[in-house]
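Single-structure report; data block below.
Count residues from 1 along the sequence. Worth knowing before you read on, the calculation uses all heavy atoms, side chains too, and leaves out hydrogens, waters and symmetry mates.
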Amino acid sequence: MSKKNKSEPSRVSKKISFADNALAQVLFGAHSAHLEQVEQALDVVIDTRGADLIIHAGHAEAVDQAHQILQGLYDRLIQGGTVGAPEIAAALRMTDKPMSVVAQRNLDVHTKKRIISPRSSHQGMYLSAIEHCELVFGLGPAGTGKTYLAVAKAVERLVRGDVDRIILTRPAVEAGEQLGFLPGDLKEKVDPYLRPLYDALHDMMPDDQVAKRLETGSIEVAPLAFMRGRTLSNAFVILDEAQNTTAVQMKMFLTRLGENSRMVVTGDLSQVDLPRGTRSGLRDARDTLEGTKGLKFIEFNAADVVRHPLVGRIVDAYEKVEKHRRRSAPYEDGQGHG
């Protein structure tokens with residue numbers, strides 16, 4: 001709990017009572033660590049009395065935000081979700097664009113292994129866009145949940161019976177390496193490039209179900225080249241690392257969209273591994289398609305990073321340097337054409 005002098009007069013106070021004492025203690029955290037997180041972030045003081053809380057602050061807005069966050073997290077526990085330091089941090093990030101508890105719950109993704117909730121306002125916008133649009137582009141740095149959330153929505157729709165299959169694909173381009181020089185057959189060459197997609201699947205479904213669905217073809221993980229000539233109907237299709245497509249490849253992929261399908265395209269335009277001077281298909285798609293009816297672009301930034309807090313600071317530092325470089329020499333590293 002905060003070390004502020006509790007005898008100081010507070011202009012605004014609000015009491016919250018939780019019916020389930022055991023869940024309340026989970027919400028508060030060991031030695032009230034979760035409440036301390038909220039106190040420090042919102043500049044409030046929180047007193048505990050059993051399963052009850054009293055929130056004090058100098059401004060009603062801070063009290064209301066703390067109330068909304070703690071009530072929402074308690075509701076999450078009631079629904080069978082978990083609450084730890086990452087969930088507290090996520091709820092605090094969501095306060096920049098406050099969202100009702102009901103609206104937040106409507107964005108939850110239900111998979112076989114867990115309930116996944118948005119951890120930033122942009123993640124909430126992204127999940128809403130995937131639910132309502134046939135084609136969504138998620139752009140932004142690593143760690144913002146672009147691929148993870150897309151795979152979660154795909155698994156939810158597959159299990160629910162909304163689609164017959166999931167198709168996950170990536171361009172096999174990585175930091176200058178060439179597939180032909182790697183050992184093994186084609187599958188052994190390609191699988192390392194697709195490993196992040198397999199990892200996300202195993203986080204959403206039991207291992208035996210993932211293996212069975214991969215065997216039957218209701219989940220397909222393949223390099224982008226395998227999409228040519230196909231029409232992808234009744235499917236949830238994800239193109240990951242799309243910054244490493246060419247404009248021709250991107251057009252080929254987007255025109256595979258068939259009846260009753262969803263497409264999500266994810267990528268980070270600051271990490272293009274294409275040959276120097278080759279324009280990224282993701283950048284080309286953004287410039288060409290932005291404003292087109294029926295699709296949506298969601299752009300993430302360093303504030304949306306939900307990995308280790310240091311990752312967000314690293315991303316932010318690189319973004320500042322890249323902006324300075326682009327201003328001083330826009331084509332120096334080849335990304336001006338990418």
(message) Could you check whether atom CZ of R160 has more than 12 heavy atoms from other residues, nucleotides or ligands sitting under 6.0 Å from it?
(response) yes
(message) Treating Q123 as the side-chain partner and R119 as the backbone partner, does any N or O pair qualify as donor plus acceptor under 3.5 Å?
(response) yes
(request) Find out whether R230 and I167 are in side-chain contact, i.e. whether some heavy atom of one side chain is under 4.5 Å from a heavy atom of the other. (result) yes
(request) Give a yes or no answer on whether the side chain of R76 reaches the backbone of T82 with a donor-acceptor pair at less than 3.5 Å. (result) yes
(request) Taking the side chain as every heavy atom from C-beta outward, state whether I116 and Y148 have any pair of such atoms under 4.5 Å apart. (result) yes
(request) Take L158 and I219, measure what side-chain contact (heavy atoms from CB on, under 4.5 Å) needs, and give me the verdict at the end. (result) CA-CA 9 Å; L158 179 67; I219 296 179; 4.0 Å; yes
(message) Within the structure provided, determine whether H122 and T144 are in side-chain contact (heavy-atom separation under 4.5 Å).
(response) no
(request) Give a yes or no on whether H202 atom NE2 has more than 12 heavy-atom contacts from other residues, nucleotides or ligands under 6.0 Å away. (result) yes
(message) I want to check something: taking the side chain as every heavy atom from C-beta on, are L70 and I55 in contact at a cut-off of under 4.5 Å?
(response) yes
(message) Do Q71 and D75 pair up side chain to side chain, a donor and an acceptor below 3.5 Å, judged on atom types alone?
(response) yes
(request) Check whether any side-chain N or O of D304 sits under 3.5 Å from a backbone N or O of N301 as a donor-acceptor pair, and report yes or no. (result) yes
(message) Is it the case that atom NZ in K296 sees more than 12 heavy atoms from other parts of the structure closer than 6.0 Å?
(response) no
(request) Could you tell me whether the side chain of F300 reaches within less than 4.5 Å of the side chain of T266, counting heavy atoms only? (result) no
(request) Indicate whether the side chain of E39 and that of Q37 have a donor and an acceptor atom separated by less than 3.5 Å. (result) no
(message) Evaluate Y198 against V210 for side-chain contact (heavy atoms from CB on, under 4.5 Å), listing each step before the verdict.
(response) CA-CA 9 Å; Y198 286 114; V210 173; 5.6 Å; no
(message) Assess whether a salt bridge exists between K153 and E156, defined as any Lys/Arg side-chain N lying under 4.0 Å from an Asp/Glu carboxylate O.
(response) yes
(message) Keeping Q249 on the side-chain end and T246 on the backbone end, is there a donor-acceptor pair under 3.5 Å?
(response) yes
(message) Do the side chains of R114 and D203 get close enough for a salt bridge, i.e. N-O under 4.0 angstrom?
(response) yes
(message) Does E61 have more than 12 heavy atoms from other residues, nucleotides or ligands lying within 6.0 Å of its CD?
(response) no
(message) What I'd like to find out is whether the side chain of L53 reaches to under 4.5 Å of the side chain of F18, using heavy atoms alone.
(response) yes
(request) Apply side-chain contact (heavy atoms from CB on, under 4.5 Å) to the pair V109 and M204, showing each step before the final yes or no. (result) CA-CA 10 Å; V109 184; M204 312 294 173; over 6 Å; no
(message) Test your reading of the model: is there a side-chain donor-acceptor pair from N244 to the backbone of P171, 3.5 Å cut-off?
(response) no
(request) Check whether any side-chain heavy atom of F236 sits under 4.5 Å from a side-chain heavy atom of D162, and report yes or no. (result) no
(request) I would like to know whether D240 and K146 meet salt bridge (Lys or Arg N to Asp or Glu O under 4.0 Å); could you show each step before the answer? (result) CA-CA 9 Å; D240 191 33; K146 306 181 301 296; over 6 Å; no
(message) More than 12 heavy atoms of other residues, nucleotides or ligands under 6.0 Å from NZ of K112: yes or no?
(response) no
(message) For a side-chain contact (heavy atoms from CB on, under 4.5 Å) check, start with the C-alpha distance between T245 and V265, then their side-chain angles and the critical distance, and finish with the verdict.
(response) CA-CA 11 Å; T245 63; V265 178; over 6 Å; no
